[in-house]
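Structure, as structure tokens:
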Amino acid sequence: MTIYFEKTYQRSFGTFPLTGQELHDAVLAAAEVGYRAFDTAQMYGNEADTGAALRATGLGRDELCITTKVDIANFNEKAFLPSVEESLKKLMIDQADVLLLHWPTPGGDIRLSLELLQQAHDRGLARHIGVSNYTAQMMHDARAIVDAPLVTNQVEFHPLLNQDKLLAAATETGIPLASYCSVARGEVFKHAIFGEIGETYGKSAAQVVLRWILQKGVSINTMSKKPANIAANFDVMDFTLSSIDMARIEEMTRTGYRIVGKDLVPYAPDFD
């Protein structure tokens, strides 16, 4: 099972697009309510701020699960490992708990980036490694290329987008999924069903959505600057959606609402 389902790590606090004091305050609020997994990336430009905020929490290093991601600009033999070392320096840690490739290599040849990721693992720069934004076929290809276990494929995952192909690939390859855009950047709130279901459990629409993702076997990344929302997003472990409600929500995946595609990220792959 993925590291993200150890301890409380299935609920990770995402830091994009926060920087500076906003990030500092949000990370401290997240740590206060119980978050111990935190997600950043080279591309976000906030690794140093994240490292400083995590240091300010006073939490021990062994209490934290810190994920960062390598930018595609560094997917070459000259830049990859030095960029990871620089990320660790900014985060003020000796080793990332999880190191991800942020995107598949543009053009589709993923072998070199995966081999470099393996090298980072072998050199002790990362305790665990994984990928992000990989298609189902890429998950199968990656599993054949990398010797170390791939602990996640972090992808857009929410109830307004059908990701059955990726879920099937996760089962077939043993590479679990982790979600970003878990509430579809607020789009889910335009659909009454989530709030209606929430009323029967005494939970909000957002909490229902997050619980649905977890019950699909997918870990969650959430971000907010508001302490109340930070706490509510963490408070999703004390109820279980019924099979009927899970199926009702499943119907919403037909909406086909995708946030991250080629219009937003031109080098994105052709998603399943």
Side-chain angles (χ1 to χ4, degrees), residues 1-14 35-43 61-72 74-75 77 80-81 83-85 87-88 91 93-105 108-157 163-180 182 213-221 269 271-272:
M1 181 56 73
T2 175
I3 184 178
Y4 293 119
F5 276 91
E6 296 177 10
K7 302 180 182 179
T8 62
Y9 301 158
Q10 72 276 84
R11 293 158 289 169
S12 181
F13 188 77
Y35 285 92
R36 295 295 181 266
F38 294 85
D39 182 277
T40 182
Q42 294 174 355
M43 187 183 292
R61 179 66 185 93
D62 61 349
E63 297 179 77
L64 296 169
C65 177
I66 301 173
T67 297
T68 193
K69 313 176 195 73
V70 182
D71 189 356
I72 59 171
N74 296 317
F75 286 6
E77 293 177 337
F80 193 97
L81 293 177
S83 81
V84 176
E85 291 170 345
S87 290
L88 299 182
L91 287 162
I93 56 178
D94 295 326
Q95 182 184 59
D97 293 291
V98 185
L99 182 69
L100 305 181
L101 300 176
H102 206 150
W103 285 92
T105 306
D109 186 358
I110 60 176
R111 176 173 290 276
L112 176 60
S113 59
L114 286 164
E115 290 175 345
L116 292 169
L117 183 67
Q118 176 81 56
Q119 288 181 32
H121 176 267
D122 293 346
R123 295 191 185 189
L125 300 178
R127 187 157 67 99
H128 301 285
I129 55 175
V131 297
S132 185
N133 296 302
Y134 269 38
T135 65
Q137 184 58 55
M138 287 174 177
M139 291 171 71
H140 284 277
D141 294 342
R143 181 61 278 163
I145 292 169
V146 178
D147 292 330
L150 294 169
V151 298
T152 198
N153 179 19
Q154 189 183 104
V155 297
E156 180 176 347
F157 197 101
Q163 293 285 37
D164 284 349
K165 289 184 179 180
L166 288 184
L167 285 169
T171 299
E172 293 160 1
T173 62
I175 305 173
L177 302 183
S179 75
Y180 67 76
S182 302
I213 294 172
L214 287 171
Q215 287 182 220
K216 296 286 285 184
V218 177
S219 58
I220 55 177
N221 284 278
F271 287 121
D272 297 295

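- One N or O on the side chain of N221 and one on the backbone of S179 form a donor-acceptor pair closer than 3.5 Å.
- Atom-to-atom distance recorded for L114:CG and L150:CG is 7.0 Å, nearest 0.5 angstrom.
- Expressed to the nearest 0.5 Å, how far CZ of R11 lies from CZ of F5 amounts to 10.0 Å.
- In this structure, the side chains of H121 and L99 stay at 4.5 Å or more apart for every pair of heavy atoms.
- Counting heavy atoms from C-beta on, the side chains of D141 and Y134 never come closer than 4.5 Å.
- A donor-acceptor pair under 3.5 Å is absent between the side-chain atoms of Q118 and the main chain of V146, judged by distance alone.
- Counting only N and O atoms by type, the side chains of T67 and Y4 include a donor and acceptor under 3.5 Å apart.
- Taking the charged nitrogens against the carboxylate oxygens, R61 and D97 do have a contact shorter than 4.0 Å, which makes a salt bridge.
- Taking OG1 from T171 and CE from M139, the interatomic distance works out to 8.5 Å, rounded to the nearest 0.5 Å.
- For the atom pair CD (E63) and NZ (K7), the distance works out to 8.0 Å, reported to the nearest 0.5 Å.
- H102 and Q42 share no donor-acceptor pair across their side chains, judged by distance under 3.5 Å alone.
- Taking every heavy atom of both residues into account, I110 and P104 meet most closely at CG2-CB, 4.2 Å.
- Taking both residues in full, the closest heavy atoms of S87 and T68 are given as CB-CG2, 4.4 Å, listed atom of the first, atom of the second, then distance.
- Residues V70 and F75 have side chains in contact (heavy-atom distance under 4.5 Å, counting atoms from C-beta outward).
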| message | Walk me through whether I3 and C65 qualify under side-chain contact (heavy atoms from CB on, under 4.5 Å). | response | CA-CA 9 Å; I3 184 178; C65 177; 3.9 Å; yes

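- Ring planes of W103 and F271: tilted class, angle from 30 to 60°.
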| task | Just do the side-chain contact (heavy atoms from CB on, under 4.5 Å) check on L116 and E77 with the steps written out, would you? | result | CA-CA 7 Å; L116 292 169; E77 293 177 337; 4.2 Å; yes

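- Between atom CD1 of residue I213 and atom OG of residue S182 there is a gap of 4.5 Å, rounded to the nearest 0.5 Å.
- Across all their heavy atoms, V151 and T2 have their closest contact at O-OG1, 2.9 Å.
- Salt bridge status for K69 with D39: present, with a side-chain N to carboxylate O gap under 4.0 Å.
- Between the CG atom in L81 and the CD atom in Q119 there is a gap of 5.5 Å [rounded to 0.5 Å].
- Between L177 and A170 the shortest heavy-atom distance is CG-CB, 4.1 Å.
- In terms of modelled atom types and a separation under 3.5 Å, the side chain of T8 and the main chain of Y35 share no donor-acceptor contact.
- The minimum heavy-atom distance between N153 and I175, with the atom names listed, is N-CG2, 3.8 Å.
- Counting all heavy atoms, side chain and backbone alike, A178 lies closest to S219 at CB-OG, 3.2 Å.
- Side-chain contact check for S113 and T105: at least one donor-acceptor pair (N or O, by modelled atom type) lies under 3.5 Å.
- Taking the side chain as every heavy atom from C-beta outward, Q163 and K216 never approach each other to under 4.5 Å.
- Using a 4.5 Å heavy-atom threshold, the side chains of V131 and M138 count as separate.
- Checking D272 against T135 by side-chain atom types alone, no donor-acceptor pair falls below 3.5 Å.
- V84 is not listed as a side-chain neighbour of N74, based on a closest heavy-atom distance of 4.5 Å or more.
- The closest side-chain heavy-atom distance from L167 to K165 is not below 4.5 Å.
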